[in-house]
Amino acid sequence: MSTSETEYLKGKANEDYEHGFYTDIEAETAPEGLTEDVVRYISHRKDEPQWLLDWRLKAFRHVRERIDGGETIDWAHLDYEAPKFDEISYFSAPKDKAQYESLDEVPDEILETFERLGIPLEEQKALTGVAVDAVMDSVSVATTFKEKLKEKGVIFKSFGEAARDHPEIVREYMGTVVPYTDNLYAALNSAVFSDGSFVYVPEGVTCPMELSTYFRINEAGTGQFERTLIVAEPGSYVSYLEGCTAPMRKENQLHAAVVELIAHEDAEIKYSTIQNWYPGDPDTGEGGVYNLVTKRGICKGDNSKISWTQLETGSAVTQKYPSVILAGDNSVGEFYSVAFTKGHQQADTGTKMQHIGKNTKSTIISKGISADVADNSYRGQVKVSKNADNARNFSQCDSMLLGPDCGAHTYPYIESNNPSAQIEHEATTSKVGEDQMFYCHQRGLGEEEALKLIVNGFCQEVLQELPMEFAVEAKELLDIELEGSVG
Amino acid sequence: MPLLEVKNLHVGVEDEDIRILNGVDLTLDTGQLHALMGPNGSGKSTLASVLAGREEYEVLDGEILYDGEDLLELEPEERAEEGIFLAFQYPVELPGVSMTNFLKESVNSVREARGQEELSSAEFLKMMRERADMMGLDADLTKRSVNEGFSGGEKKRNEIFQLAMLEPRLAILDETDSGLDIDALKNVADGVNKLRDDDRGFLVITHYERILRYIEPERVHVMLDGKIAQSGDMELADKLEDEGYEWVREEAAAAAAA
Ligand SMILES: Nc1ncnc2c1ncn2[C@@H]1O[C@H](COP(=O)(O)OP(=O)(O)OP(=O)(O)O)[C@@H](O)[C@H]1O
Ligand SMILES: [Mg+2]
């Protein structure tokens, strides 16, 4: 790599965090610390039914025990100071927490926030046909397109609302894919989750639009603990988009979300994420978001399908393994991921495909890119149960290094208990070649243009899995020219 | 008017004690097409790379003037913008980078440098179709990633297609004819002939006389051990075809001894 390339990359790493500003909306914040009182306070503030409070308290006692027992997660290839659970405030809400009927009622500050994030709600409404359930801090402040969804019987609400309005569905599914005992952060989330989204698609319904939620972490020192639950009834289809940015903050911000997906017979759920939270100071790594997320889906019925696509460019520390339990026969699980780390960012991400039903199939495509002194690990597990006849998996994990001081690691775990399983794993690590750069230069492309093209090309297989609107944003996020702007 | 003047060019490999070019002298006037021949490893591709600005080579002595200006001052992409094009002996694959995207950026960056307007998408696509047709490139290839999984011959055709898209002033073809089937060879030669005009120059590196018969070079040079050992007209190429390089070596040795 030539000096100018190294310099270019340094420049990239030093670019000010564009979305680093702080919205000035008065917030009510829970006192710091993880106590039973705090859990009750959250539940009370959110007007929750008793059963939900009970559920939280069960999870609270569990997580309190684990924290007091000194549990940490130290098996990942990550190096960071564990969050101080008793110094975190677990709830904050925008002061004006009413639900708005129309965008006109939403405070200007909030609208401005979205504008500055490049997400003009108005435009989205008018142009893209995307319903936006905007989560500002922990409480939903704007929900659109409700009518159209209502017609089809699709429920798309904040988790809190859903718990009040549809307790029977929420109770039936919540915690069934990610139990509160699953891992430390999932347990924490179960006790103190703030809000999130709930989606229910009735039998045979194809959701008429992409469902989109923009999350935003907003208050100093408050963790954000979304909880998302998506249930797709037999023969239904839904595509859900999750996009994130966060303002620049000094202290580390803990983000421990839980996402549960349930796909019944012949149903399909497509879940796409762009994660662009504050990565911390590029020189010291200080102040970035800890993104410790548990995402899991179950293909419950036969012929069901769950597909995760993610573009992870932000956060100081990312640890997430969107997974699929392939329980139904002929079910399909997919994981497409691009993780880009620079500066002092660390990512340990991957997936887990658990083959249980017969003739199940999973595909894993992971692209890791690191620059500067960043570290990027792929960790994936493919597990085939005894009765999972004819399970098939294809995994491809490619890493690209954009400098001499960054790291890429691949940890594939394969556990097959059925001899009929076919499991294929490919892994490559490459540096952006001098040859490729020179070829581009010879065609008139400068350092930055050439690198963008090559990196974009490297990620293409994954980016093309994103829904159109999102793919555009994704490429912008990777600072890359748009594929297909021609023709 | 000389388009390219290479004077006493000595080139080594950066950070290593390797010398490849040992005093190359070569002048190419506008409107001319010169052939560069010579045995394997004699330094032809190295010269082409140095002209295009590859960083791994270090110029130890001598100079290169392009249009009377010092070429060595320019970065590789600036040279491309100034109209220098190299058809690579070994074209590089760019996985996932679409041909359309790549060429659009490339064409527009070169056009911008020439003070021309950016092409609209429709104009660009039309140009792609025309030039692919002109160079006998299968239109399906323009829908794929740059050179990814292309056959050897397809890669060569793709180079010549890009040449046609970029309309350079100085085109260097490094063994573009090797690996081409007979029809493709004719296509390439026709393409080159179509592009020839008073303002452009071509340096065609080849091992075979066949392509030269189609494109009729004004001059033929032979490189040996990093130097131009012989220069002449088509007769020289014919002689090489018949007799090989041994006599060139002998004459060079005799000249060195004298
Ligand atoms: N980067 C390099 N490092 C070391 N040696 C090199 C390098 N580049 C070229 N060489 C050597 O320089 C000599 C000239 O190579 P070059 O590729 O220019 O030959 P050529 O005339 O194009 O040969 P061919 O007809 O086989 O293409 C060869 O001996 C080659 O091994
Ligand atoms: Mg060569």
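Lettering follows sequence order; numbering is per chain, from 1. Small disclaimer: the values here were computed from a predicted structure and weren't measured.
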Sole candidate of B:Glu105, B:Glu77, B:Glu159 that passes salt bridge (charged side-chain N to carboxylate O under 4.0 Å, His left out) when paired with A:Arg443:
B:Glu159
Walk me through it: do B:Lys126 and B:Glu130 pass the test salt bridge (Lys or Arg N to Asp or Glu O under 4.0 Å)?
CA-CA 6 Å; B:Lys126 187 163 163 266; B:Glu130 278 172 12; 3.6 Å; yes
By a 4.5 Å heavy-atom criterion (distance strictly below it), what part of B:Val146 contacts chain A: side chain, backbone, both, or neither?
side chain
Heavy-atom cut-off 4.5 Å, strictly under: side chain, backbone, both or neither for B:Tyr90 against chain A?
neither
Cut-off 4.5 Å, heavy atoms of chain B, and the answer for A:Phe458 is backbone
Which atoms of A:Cys459 are under 4.5 Å from chain B, going by heavy atoms: the side chain, the backbone, both sets, or neither?
neither
Honestly, the part of B:Arg54 sitting under 4.5 Å from a heavy atom of chain A is both
Using non-hydrogen atoms and a 4.5 Å limit, figure out which bit of B:Ser49 sits close to chain A: side chain, backbone, both or neither.
backbone
Need one label for A:Gln442: side chain, backbone, both or neither, based on atoms under 4.5 Å from any heavy atom in chain B.
both
Looking at the rings of A:Phe335 and A:Trp308, which for Trp means the six-membered one, are their centres under 6.0 Å apart?
no
Do any of residues 160-169 of chain B come closer than 4.5 Å to chain A, heavy atom to heavy atom, and if so which ones, in number order?
B:Gln162, B:Leu166
Do A:Asn291 side-chain atoms and A:Thr318 backbone N/O form a donor-acceptor pair below 3.5 Å?
no
Mind checking whether A:Tyr439 and B:Phe88 have parallel, tilted or perpendicular rings, split at 30° and 60°?
tilted
Do A:Thr273 and A:Lys295 meet the criterion of a side-chain donor-acceptor pair at a distance under 3.5 Å?
yes
